There are 2 protein chains.
Amino acid sequence: MCMRIGELAARAGTTARTLRYYESRGLLPGRRTGNGYRTYDERDLKLLRQIRTLQDFGFDLEETRPFVECLRAGHPEGDSCPASLAVYRRKLDELDVLIGELQSVRAKVGAQLAKAEQAREALAADAAVPGGPEPVCELGGQEL
Amino acid sequence: MCMRIGELAARAGTTARTLRYYESRGLLPGRRTGNGYRTYDERDLKLLRQIRTLQDFGFDLEETRPFVECLRAGHPEGDSCPASLAVYRRKLDELDVLIGELQSVRAKVGAQLAKAEQAREALAADAAVPGGPEPVCELGGQEL
DNA sequence: TGTTGCCCTGACGTCGGCGTCAAGGATTAC
DNA sequence: GTAATCCTTGACGCCGACGTCAGGGCAACA
């Protein structure tokens, strides 16, 4: 029922270094045995898995804090508390904004690509025409 | 027609520090006048604006290099070269993946939020019922 | 008794794209 | 002359979430 840092890390798919880091940030408790080793139980594993899940979603460590505190307060789930729900909502808003921006960028880059490809095709077509292309000065003068 | 670093920076909406950084990365040429000052012309401004535009799109500095080299080779646009088009295409793929991931995360977070809100509503309803809620041990035992 | 394997703390390294400060030279304005 | 504003190089700071190394302790097994 108890385990040391290496085992907990392995069971959560992370590293001991990461757990020490979380502890330094005040997220993971850190009880000790007589010899100074950290010791953890199943509740810590649940805590840690909550953190990792949120991290995988792209939450900052700080944003996982309400969830952790909620669990530590004895609630059944990390998102049983209002503060956690607030983080969810804030994150949803952030995601909506970000996704919108990325879609906008995607559209612009796509348009630029289409334009540039078209320009190249026009050049290629010109070059293929026996009459010769307009002297557009493209690729002119200075070599590399 | 010629300008110093501060003016170029201002005209591109950035800072002298940024231009020196670009130069250190080999992106911006860096001719010098007799007193050691950097000097730039309109072509450098175009170069710089190309870089900035791509940066605003979220391109890494390294990803702007083909565009810069294309312009420096004398092409009319930074995206007149195949290497630039390749960067466009790669970026589009990256964006598609990223947007997809973010949408997936958004859906999951949204679902979690809905679930957690529902759980809270159920609890509230239970608490409101005169007969009393199921003793779910919620909020039980250990205080902070 | 040695070797292996886990654990500890402390501290520096990483990545990108600069910001910011220090210490000094050049140019221009008054 | 000197103050103000530009410019130069060099170098450290920042952010987040750790990775990695150094130097040493504890435990178990041969």
Side-chain angles (χ1 to χ4, degrees), chain A residues 2-41 44-45 47-68 87 90-91 94 98 105, chain B residues 2-41 44-45 47-68 87 90-91 94 98 105:
Chain A
C2 275
M3 50 196 156
R4 290 179 302 178
I5 195 167
E7 187 181 346
L8 178 61
R11 289 181 65 186
T14 181
T15 67
R17 176 70 181 93
T18 296
L19 304 198
R20 293 196 194 99
Y21 177 63
Y22 291 170
E23 182 180 317
S24 80
R25 303 283 92 196
L27 285 174
L28 226 56
R31 280 147 298 153
R32 304 300 180 104
T33 61
N35 54 16
Y37 286 13
R38 291 171 180 82
T39 185
Y40 305 93
D41 58 20
D44 294 316
L45 178 57
L47 253 163
L48 180 52
R49 283 192 170 139
Q50 171 78 80
I51 297 174
R52 291 265 99 196
T53 299
L54 295 175
Q55 288 263 88
D56 288 346
F57 283 173
F59 285 53
D60 300 343
L61 256 193
E62 274 312 308
E63 292 177 319
T64 72
R65 195 177 296 275
F67 295 80
V68 170
V87 173
R90 199 154 43 77
K91 194 49 100 177
E94 284 176 24
L98 182 55
V105 166
Chain B
C2 275
M3 48 194 156
R4 292 179 301 178
I5 195 166
E7 186 181 347
L8 178 62
R11 289 182 65 186
T14 182
T15 68
R17 176 70 182 92
T18 296
L19 304 197
R20 293 195 194 98
Y21 177 65
Y22 291 170
E23 182 179 317
S24 80
R25 303 282 91 197
L27 285 173
L28 225 55
R31 281 148 297 153
R32 303 301 180 104
T33 60
N35 56 14
Y37 287 13
R38 289 170 181 84
T39 184
Y40 304 94
D41 59 20
D44 294 316
L45 178 58
L47 254 164
L48 181 50
R49 284 192 169 139
Q50 172 78 81
I51 298 174
R52 292 264 98 196
T53 299
L54 295 174
Q55 288 262 89
D56 288 346
F57 283 174
F59 286 54
D60 301 342
L61 257 192
E62 273 313 306
E63 291 177 321
T64 73
R65 195 178 295 277
F67 295 80
V68 169
V87 173
R90 198 155 42 76
K91 193 50 95 177
E94 285 176 24
L98 183 54
V105 166

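The structure displayed is predicted, hence computed values, not measured ones. Letters go in sequence order (proteins before strands), and every chain restarts at 1.
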The nucleotide from D:dC26, C:dC6, C:dG17 with an atom nearest the side chain of A:R4 is C:dC6
**Message:** Regarding B:R20, tell me which of base, sugar-phosphate or nothing describes its non-hydrogen contacts under 4.0 Å with the strands shown.
**Reply:** base
Establish, with yes or no, whether the OP1 or OP2 oxygen of C:dT27 is under 4.0 angstrom from a side-chain nitrogen or oxygen of B:N35. yes
* N/O donor-acceptor pair, side chain B:Y22 with base C:dG17, under 3.5 angstrom -> no
Testing D:dT8, C:dG19, D:dC18 for proximity to the side chain of A:R17, the answer is D:dC18
Rounded to the nearest 0.5 angstrom, the OG1-CG distance for B:T64 and B:L27 is 4.5 Å
When rounded to whole Å, the CZ to C1' distance for the pair A:R65 and D:dA17 reads 14 Å
Quick note, B:R52 side chain, CB onward, closest among C:dT27, C:dC7, C:dC18 is C:dC18
Checking only heavy atoms, does the side chain of B:Y21 share a donor-acceptor pair with the base of C:dG19 at less than 3.5 Å?
no
From CZ of A:R38 across to C1' of C:dC6 the rounded distance in Å is 13 Å
### Query
Do the side chain of B:D44 and the main chain of B:L47 share a donor and acceptor less than 3.5 angstrom apart?
no
Comparing B:T15 with A:Y37, nearest DNA chain C nucleotide closer to 5' gives the residue A:Y37
